[in-house]
Engineer: 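Take this structure, written in structure tokens, and hold onto it; I'll ask about it next.
Scope of the values below: all heavy atoms of this structure, side chains included, with no hydrogens, waters or symmetry mates. Since the model is a prediction, treat every value here as computed from it, not as a measurement.
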Amino acid sequence: MRCLFLPLLVLFSLSPGLVKAASLDLDSGWEYRWGDSPVLEDGTPAWLVMEDETAWHAIDFPSNPPNRDGQHHAWFRITLPSGEWRDPVLYIYSIDLIAQAYLGTELIYQHGSFDDRGEGPFVGWPWHVISLPEDFAGQPLTFRVYSNYTDIGLWGEVRLMDRPEFFSLILNRSAADLVVSAFCLLLALLAGCFALLHQRRQSFVGVGLFSLASGVMILAETQASQLLLAMPLLWDYLAAAGYYALPVGIGLLLEPWFSHRLSRWIRRLWQWHLGYLVLSLSLALSGIVNLSSTFPVYDVLLTVSLPILFALVVGHWKWLSGEQRVVIAAYGLFAMLLLFDMAVAHGLLPWQQIPVSLGALGFSLVIVAISLRHYTLTQRELIKLNQRLEQQVADRTQDLQHMVEQLRAFSYQDPLTGLKNRRHFDEVFAHEAACARRGTTLTLVMLDIDHFKHFNDLYGHDAGDAVLIATARLIGEHFREADVVCRLGGEEFVVIMPGATAQQAGEAVERLLDSMRQQSFLHGGEALGCVSLSCGIASYPAHADDPIELCRLADLALYRAKHCGRDRSETYAPSA
């Protein structure tokens with residue numbers, strides 16, 4: 001219902017004629033006393049009616065009185081001033097941890113639940129708005145507070161104001177945070193999509209997690225979140241999860257930037273924080289600890305880990321690129337704002353609202369600016385690459401035309417098998433080697449029929465010729481149209497494979513060997529027995545600095561295949 005009335009409240013708050021008096025900060029006139037009040041027979045706390053002025057002590061603001069000494073109960077009171085308010089409310093920024101508010105002896109507000117011992121569980125850190133009757137002026141307003149947290153009492157600010165002014169205050173304070181939170185969450189979504197597609201997956205995961213954590217934390221901590229969903233403890237869990245996950249995201253982003261030793265230390269830091277996130281939220285959700293008690297421990301952990309992280313990074317600052325330095329500087333600003341906010345939360349600095357969302361916005365804008373710069377550079381490189389490719393195509397076309405002219409002038413065909421001969425191989429290989437030096441892959445496959453001399457002696461040369469013809473046909477069938485199959489002479493064959501890797505060549509050769517094993521060789525109606533091949537493979541640039549070396553290297557690999565038992569393929573390796 002609160003969300004349904006939000007537009008009306010906004011309009012109401014923007015109507016100056018409806019507001020009779022400005023807000024009044026209640027930052028003086030407070031008193032406190034430690035302990036908890038006994039209860040009268042009618043259930044009224046005795047301290048509301050007993051006159052014991054010596055037990056009450058003056059305090060500037062109803063928070064963290066002196067001489068706590070382990071006390072978990074405190075009472076605060078103030079006499080409300082007069083003023084002209086149409087719909088008066090008391091606005092409190094936050095309370096540590098649960099409280100009851102009495103106007104005179106009447107209970108008018110309660111945050112959390114009290115058991116018989118006056119204690120109760122943590123129920124969140126929302127803002128509070130307490131409705132006041134028209135005759136509140138001059139009456140004592142008393143707060144009964146229980147807290148087992150580091151702070152006790154009211155926190156931040158306490159104001160008397162009209163209800164429309166209160167909603168205007170909440171919306172005006174939250175507008176910038178809501179925009180920054182939405183921007184961070186959008187950036188997290190985009191980074192998550194890039195993480196699925198990009199090679200540098202960990203960096204994008206780091207950016208995405210950091211943006212998600214900061215966006216969730218800012219949304220959960222903005223005061224307008226209670227207008228969206230009145231579940232303060234849920235928002236505190238989300239704020240804790242986002243707050244605790246921030247170092248995990250930045251650690252994932254920074255880890256790949258450094259050497260193995262330094263990256264190992266960074267990995268340990270974000271893993272410690274990840275472990276604390278999982279452990280603390282698990283214990284809080286299971287009811288073993290209060291969520292509130294996990295914040296001070298984490299604050300200590302963050303206070304220790306942040307200087308360690310920046311000390312490690314600064315020690316290697318000169319090896320970082322300009323973009324990496326800007327990212328680290330942006331995170332440093334965000335971390336500094338977090339530390340200031342932490343100091344305010346623990347009372348080390350006077351209460352004020354630290355613009356943590358501006359730090360998150362600055363970091364997000366840096367990431368976006370760097371991404372846009374990379375996109376622009378990539379587009380320029382693509383244009384240049386396209387121009388180079390067009391030039392290479394033109395050069396290749398001219399080279400091919402030249403080769404066609406040469407082929408017309410000479411005969412390059414082996415008369416027995418129909419394959420190209422050695423002369424063709426020499427010219428094509430020289431051409432492909434020159435192309436490969438421009439940055440392409442070139443693979444050479446040497447093939448030799450096993451025990452061919454013995455085969456000729458056993459069956460005769462006519463049978464040997466039949467085997468050569470059949471083998472040449474099989475070799476041609478198992479390689480690509482772009483590949484060039486040649487007979488070097490006798491039982492030796494070679495295949496030039498432009499643009500192919502050694503692995504691709506090996507797969508084609510294995511299919512060829514399987515076919516050879518299943519092939520039935522016949523001559524004159526007589527079965528000639530089994531015929532096998534030995535093959536050697538070498539590839540540029542994987543195996544050679546100069547593609548011309550492929551002939552020698554493929555021949556060495558072929559020799560190794562013969563030596564290892566024949567009927568097999570071997571890829572060149574230096575140890576071979």
Side-chain angles (χ1 to χ4, degrees), residues 382 384-414 417-448 471-489 492-513 515 533-558 561 569-574 576:
L382 286 175
K384 292 180 181 178
L385 178 60
N386 186 53
Q387 293 173 345
R388 287 198 298 268
L389 287 175
E390 290 177 353
Q391 184 60 44
Q392 288 177 1
V393 169
D395 293 343
R396 180 83 175 190
T397 301
Q398 185 178 359
D399 292 343
L400 288 174
Q401 289 175 349
H402 180 67
M403 288 184 63
V404 168
E405 293 174 0
Q406 288 183 325
L407 287 172
R408 289 173 181 171
F410 299 100
S411 173
Y412 294 100
Q413 195 168 30
D414 175 56
T417 62
L419 298 177
K420 300 301 180 182
N421 58 19
R422 177 180 285 275
R423 174 183 291 179
H424 183 77
F425 165 77
D426 290 339
E427 293 189 10
V428 172
F429 180 68
H431 171 76
E432 295 298 338
C435 293
R437 293 190 187 98
R438 299 173 190 168
T440 60
T441 304
L442 179 63
T443 299
L444 203 65
V445 181
M446 290 285 190
L447 308 100
D448 189 272
T471 302
R473 177 182 55 79
L474 282 174
I475 294 174
E477 291 174 354
H478 284 80
F479 288 88
R480 308 171 305 177
E481 290 184 2
D483 300 333
V484 181
V485 182
C486 303
R487 181 188 177 199
L488 296 181
E492 292 181 309
F493 300 87
V494 65
V495 183
I496 305 172
M497 303 182 69
T501 63
Q503 181 181 355
Q504 292 171 325
E507 292 171 354
V509 168
E510 287 300 325
R511 291 192 294 268
L512 170 62
L513 293 178
S515 296
L533 287 174
S534 294
C535 307
I537 301 171
S539 181
Y540 172 86
H543 302 141
D545 296 328
D546 188 339
I548 293 298
E549 286 288 307
L550 292 181
C551 287
R552 183 178 63 85
L553 301 182
D555 199 56
L556 290 175
L558 173 61
S569 170
E570 288 289 336
T571 300
Y572 173 77

Engineer: Side chains of M446 and L488: closer than 4.5 Å at any heavy-atom pair?
Structural biologist: yes

Engineer: Roughly how far, to the nearest 0.5 Å, is CG of L447 from CG of L474?
Structural biologist: 11.5 Å

Engineer: Return the minimal non-hydrogen interatomic distance between S534 and L558, and the atom names on each side.
Structural biologist: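 Looks like O-CD1, 3.0 Å.
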
Engineer: Within a strict 4.5 Å, meaning less than it, do heavy atoms of the I548 and R437 side chains meet?
Structural biologist: yes

Engineer: For a quick test of reading the model, state the closest non-hydrogen atom pair linking V485 to G476 and the distance between them.
Structural biologist: CG2-CA, 4.4 Å

Engineer: Could you check if a side-chain atom of V494 sits within less than 4.5 angstrom of a side-chain atom of F429, using non-hydrogen atoms only?
Structural biologist: no

Engineer: Looking at R480 and P498, what are the two nearest heavy atoms and their distance?
Structural biologist: NH2-O, 2.8 Å

Engineer: Are any of the side-chain heavy atoms of F479 and L512 separated by less than 4.5 Å?
Structural biologist: yes

Engineer: Measure across T417 and A472 and return the closest heavy-atom pair with its distance rounded to 0.1 Å.
Structural biologist: CB-CB, 3.6 Å

Engineer: How many angstroms lie between atom OG1 of T440 and atom CD of E432, to the nearest 0.5 angstrom?
Structural biologist: 7.5 Å

Engineer: For N386, look at atom CG and say whether over 12 heavy atoms of other residues, nucleotides or ligands are found less than 6.0 Å away.
Structural biologist: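 Correct, the count exceeds 12.
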
Engineer: Could you measure the distance from the CZ atom of R396 to the CD atom of Q398? Nearest 0.5 Å is fine.
Structural biologist: 13.0 Å

Engineer: Looking at CG of D414 and NE2 of H424, how far apart are the two atoms once the value is rounded to the nearest 0.5 Å?
Structural biologist: 12.0 Å

Engineer: Hey, does R388 have a side-chain heavy atom less than 4.5 Å from the side chain of L385?
Structural biologist: yes

Engineer: Considering only heavy atoms from C-beta outward, does the side chain of F425 approach that of I496 to under 4.5 Å?
Structural biologist: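 F425 reaches I496 side chain to side chain.
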
Engineer: Is any NZ, NE, NH1 or NH2 atom of the basic residue among R473 and E477 found under 4.0 Å from an Asp or Glu carboxylate oxygen of the other?
Structural biologist: yes

Engineer: Using 0.5 Å steps for rounding, measure from the OG1 atom of T441 to the CD atom of Q504.
Structural biologist: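 If we round to the nearest 0.5 Å, T441:OG1 and Q504:CD are 8.5 Å apart.
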
Engineer: Return the minimal non-hydrogen interatomic distance between Q413 and N421, and the atom names on each side.
Structural biologist: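 Distance-wise, the nearest heavy atoms are N-ND2, 3.8 Å.
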
Engineer: Taking salt bridge (charged side-chain N to carboxylate O under 4.0 Å, His left out) as the definition, give me every residue that meets it alongside D426, ordered by chain and number, with sequence neighbours left out.
Structural biologist: none

Engineer: I'd like to check F493 versus V445 (side-chain heavy atoms, cut-off strictly below 4.5 Å). Are they in contact?
Structural biologist: no

Engineer: Just how far is it from atom OG of S569 to atom CD of E510, taken to the nearest 0.5 Å?
Structural biologist: 5.5 Å

Engineer: Would you list the atom pairs, donor with acceptor, under 3.5 Å between side chains in residues 535-543 and any protein atom, with sequence neighbours excluded?
Structural biologist:
residue : atom : partner : partner atom : Å
S539    : OG   : T443    : OG1          : 3.0
H543    : ND1  : S539    : N            : 2.9

Engineer: Is a side-chain donor or acceptor of E549 paired with a backbone partner of D546 at a separation under 3.5 angstrom?
Structural biologist: no

Engineer: Do you know which two heavy atoms are closest between A502 and T571, and how far apart they sit?
Structural biologist: CB-CG2, 4.1 Å

